Amino acid sequence: MTVAYDNQNIFARILRGELPCTKVYEDDDILAFMDIMPRADGHTLVIPKMPARTLIDIQPETLSKLILATQKIAKAVKIAMRADGITVHQFNESAGGQVVPHIHFHVIPRFEDVELKGHTGKMADAAILAELAERIKAVV
Ligand code: AMP
């Protein structure tokens, strides 16, 4: 069964400029911005501008652009955060852990022997997110 795209989801509203985000990168097809409840400093989300719910239903051409942009952001986040590694998460449907029904890749900087923070539900300080975004933008 095909589930319709919900154009009121948070990321659709960010794309329309109805809600703010701390932008890291944008081109004709892609937006990258700081995760508001980061699991590590520098946690960035990469989304296509084209509406798509999941990895299952995204158009292959859009997916190609999305994964290439995810690589670009992963490189920049690794440099900017001086990270030892990068974890990329991508969840599909609520059963798969997806909360926002607009496909996105999580790019999370990792450090040797440092666990990811849990899902605290706590929003990060906006000034800190802005400062981290500037660091990433400088190398993207
Ligand atoms: P998931 O759908 O499980 O892959 O996770 C959605 C992610 O979006 C979570 O990591 C949230 O912290 C993040 N998030 C939710 N609302 C916003 C927002 N307004 N700006 C930035 N990130 C958000």
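Both ligands and their constituent atoms are indexed starting at 1 by order of listing. Since the model is a prediction, treat every value here as computed from it, not as a measurement.
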*Asks:* Could you check whether atom NZ of K75 has more than 12 heavy atoms from other residues, nucleotides or ligands sitting under 6.0 Å from it?
*Replies:*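 At most 12 heavy atoms, drawn from other residues, nucleotides or ligands, come within 6.0 Å of this atom.
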
*Asks:* Do Y25 and D27 meet the criterion of a side-chain donor-acceptor pair at a distance under 3.5 Å?
*Replies:*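 On atom types as modelled, these side chains qualify, holding a pair under 3.5 Å.
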
*Asks:* Surrounding NZ of K49 (heavy atoms of other residues, nucleotides or ligands, distance under 6.0 Å), is the total greater than 12?
*Replies:*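 Yes, enclosed.
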
*Asks:* Rounded to the nearest 0.5 Å, what's the gap from CD1 on I136 to OG1 on T44? Could you check?
*Replies:*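 If I round to the nearest 0.5 Å, the distance is 3.5 Å.
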
*Asks:* Evaluate whether atom CD of Q59 has more than 12 neighbouring non-hydrogen atoms of other residues, nucleotides or ligands under 6.0 angstrom away.
*Replies:*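 Open.
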
*Asks:* Sequence neighbours excluded, which residues qualify as ring pair (Phe, Tyr, Trp, His ring centres under 6.0 Å) partners of F11?
*Replies:*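 Testing F11 for ring pair (Phe, Tyr, Trp, His ring centres under 6.0 Å), a comparison that skips the adjacent residues, returns F33, H104.
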
*Asks:* Identify all pairs of nitrogen or oxygen atoms, one from ligand 1 and one from the protein, separated by less than 3.5 Å, and list them with distances.
*Replies:*
residue  : atom   : partner : partner atom : Å
ligand 1 : 2 (O)  : V99     : N            : 2.6
ligand 1 : 2 (O)  : V100    : N            : 2.9
ligand 1 : 2 (O)  : H104    : NE2          : 3.0
ligand 1 : 3 (O)  : G97     : O            : 2.8
ligand 1 : 3 (O)  : V99     : N            : 3.3
ligand 1 : 4 (O)  : H104    : NE2          : 2.5
ligand 1 : 4 (O)  : H106    : NE2          : 2.6
ligand 1 : 10 (O) : D35     : OD1          : 3.3
ligand 1 : 10 (O) : D35     : OD2          : 2.5
ligand 1 : 12 (O) : D35     : OD1          : 2.5
ligand 1 : 22 (N) : I36     : N            : 3.2

